[in-house]
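Note: hydrogens, waters and symmetry copies are ignored here, and every other heavy atom, side chains too, is used. Every number for a ligand or one of its atoms is a count from 1 in the order of the listing.
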Amino acid sequence: MEPIALQLNQIEKKFAGVHALKNMHFTLQQGEVHGLLGENGAGKSTLIKIIGGIYKPDHGEIRINGKNVTINNIKEAQAYGINVIHQEIVLVPHISIYENIFLGREPINKWGLKDHKKMISKAQIMMASMDLSIDVLTPVYKLTIAQQQLVEIVKAISFNVRILIMDEPTSSLTEKEVEQLFVMIKKLKEHNVSIIYISHRMDELFAITDQISVIRDGEYVDTVKTSQTHIDELVKMMVGRSLNNYYQRNYQQSNDVILSVENLTRNGVFSNINFQLKKGEILGFSGLMGAGRSEIMRAIFGVDKYDSGTIYFENKPILIRCPQDAIDLGIALVPEDRKKEGLVLNNSIGFNLSLTVLKQFIHGCFVNHKQREKIIQNYITKLNIKTPSANKIVGELSGGNQQKVVIAKWLATSPKLIILDEPTRGIDIGAKAEIYKIIDELCANGIAIIMISSELPEIINMCDRVCVVANGEIQGELSQTELSQEKIMKLATGRA
Ligand SMILES: Nc1ncnc2c1ncn2[C@@H]1O[C@H](COP(=O)(O)OP(=O)(O)OP(=O)(O)O)[C@@H](O)[C@H]1O
Ligand SMILES: [Mg+2]
């Protein structure tokens, strides 16, 4: 048995109206990768925020290398060698990558000024060690979320780290970047660094962890050796019952084309995009990070402009100048970056859900409150949003539950076409199955769906057809019977 790096005993944490952690236990051995698994809202992020010095527990004991400690803030946690990559990206958007990496601990030159030269060259080395070829002078707001996440990882390991905690580090990475991350984790492990790894992606937990601890409703359930467990056992521990049929699809036959895109081009971003989408169909868009998938959809939805090409909706050429034009036609886009584009975080669930559907319950000057409540409650139940009430502030929900609010918000607009950009990112396995069921029901009702996803099993099991994008172009289209991880990856990486 390896020596114990960190031990938590009887940890308890309450927020207003929510008992986030009750009698929580956790033991982390030196040099192990320890998975932490639980449904959305189970308390995972709260637990690691306690370890990382962001929250103080109401009760309980934290032991590091056998000694009782209190961790009052992030700096103290870092002094113990604890570093956390949080679920929400916390980089400062308007300063460069290198300034973010060294924020608050900038080296000083002989004139007593911040040594930018040194920071830049050090940052370049760190980025290169992760195979990242982004210029370190780039301001963070210009990066995609996946790139920001990689910068967060580089930043975290640049401290003298003994315990590295990753809260869904791969949620916006594609297969190739996940592989890079795993190589890095293995290197850290060789240096006896202990790692806590939170993910809803079971395949990752099986690939990288030595042990997995499951928590449910703020309580410790059990710890198992990864080599001695299997997915069904974990799901049962997590949800309290067995789940089967994750993917549900009743394929529809329809010849009604709802959307037709011809030669759509945005100079320097994507070019000559051609595809058709029928009612009741799910068209997948697959590809590596930065391939241009989200950009194509943003242009169709009117967020970005395009330079040439034609979009037909219900057989008529249309001009979409802004998202409202698209919404008026019956198009919805559930964006990838839900924090920035999807939610008003300091407002309630009810408020966020009603934003897009105001029309449905405002009649003249009268707001039909009863109907409003009904619609809202319906979605909270349907998507199993974990909250004491519809009045809870969205920013206080767990990460996965925030995602569900965004999805609910767009489903509630009753669109004809829904574009889902990474619909199940950060969502637990039980809720994922619920979302797949809803998507399938939408198709059965003739709604057309475009789904961008980096999770290949999701793309393969849910889509009728898949367009694979690389370098801003569609490299190929695969029908449902042709779909395989291998074929998609070949097209995505240009090895076809
Ligand atoms: N600052 C806060 N104020 C009020 N309630 C909070 C706060 N932070 C978390 N909670 C609540 O504590 C519970 C646990 O949340 P936590 O974020 O730890 O879940 P999680 O396991 O990380 O879920 P996810 O998989 O969705 O990220 C949830 O019910 C959440 O709403
Ligand atoms: Mg969380």
Taking only heavy atoms of [X], which atoms of ligand 1 are found under 4.0 Å from at least one of them?
| X | answer |
| --- | --- |
| H200 | 25 (O) |
| E39 | 21 (O) |
| L397 | 31 (O) |
| Y55 | 1 (N), 8 (N) |
| A42 | 19 (O), 21 (O) |
| G400 | 24 (P), 26 (O), 27 (O) |

What residue and heavy atom of the protein are closest to [atom], and at what distance?
| atom | result |
| --- | --- |
| atom 13 (C) of ligand 1 | G41 O, 3.8 Å |
| atom 27 (O) of ligand 1 | Q87 NE2, 3.0 Å |
| atom 29 (O) of ligand 1 | V18 CG1, 3.6 Å |
| atom 16 (P) of ligand 1 | T46 OG1, 3.5 Å |

Apply side chain to side chain contact (heavy atoms under 4.5 Å, CB included) to L21 and I50, showing your working. CA-CA 10 Å; L21 295 175; I50 285 173; 3.7 Å; yes
Do the ring centers of H34 and Y197 come within less than 6.0 Å of each other? no
Mind checking whether Q402 has a heavy atom under 4.0 Å from ligand 1? no
Taking the non-hydrogen atoms of K392, is any one of them nearer than 4.0 angstrom to ligand 1? yes
Tell me the closest heavy-atom pair linking [X] and [Y], and the distance in Å.
| X | Y | result |
| --- | --- | --- |
| V18 | K392 | CG2-NZ, 3.4 Å |
| L397 | Q402 | O-NE2, 3.2 Å |
| K386 | N401 | N-OD1, 2.9 Å |

Kindly check if the number of other-residue, nucleotide or ligand heavy atoms within 6.0 Å of CG (N72) is above 12? yes
With a sphere of 6.0 Å drawn around NZ of K437, does it hold more than 12 non-hydrogen atoms of other residues, nucleotides or ligands? no
Ring-face cation of K186 near F182 (centre distance under 6.0 Å, axis angle within 45°): no
Less than 3.5 Å between some nitrogen or oxygen of A20 and one of ligand 1, yes or no? no
Could you confirm whether S45 has any N/O/S atom lying under 2.8 Å from the Mg ion (ligand 2)? yes
Report yes if the side chains of T27 and Q211 come closer than 4.5 Å at any heavy-atom pair, otherwise no. no
Within the 4.0 Å heavy-atom cut-off, what K386 brings close to ligand 1 is neither
Among E396, H19, K404, whose heavy atom sits nearest atom 10 (N) of ligand 1? E396
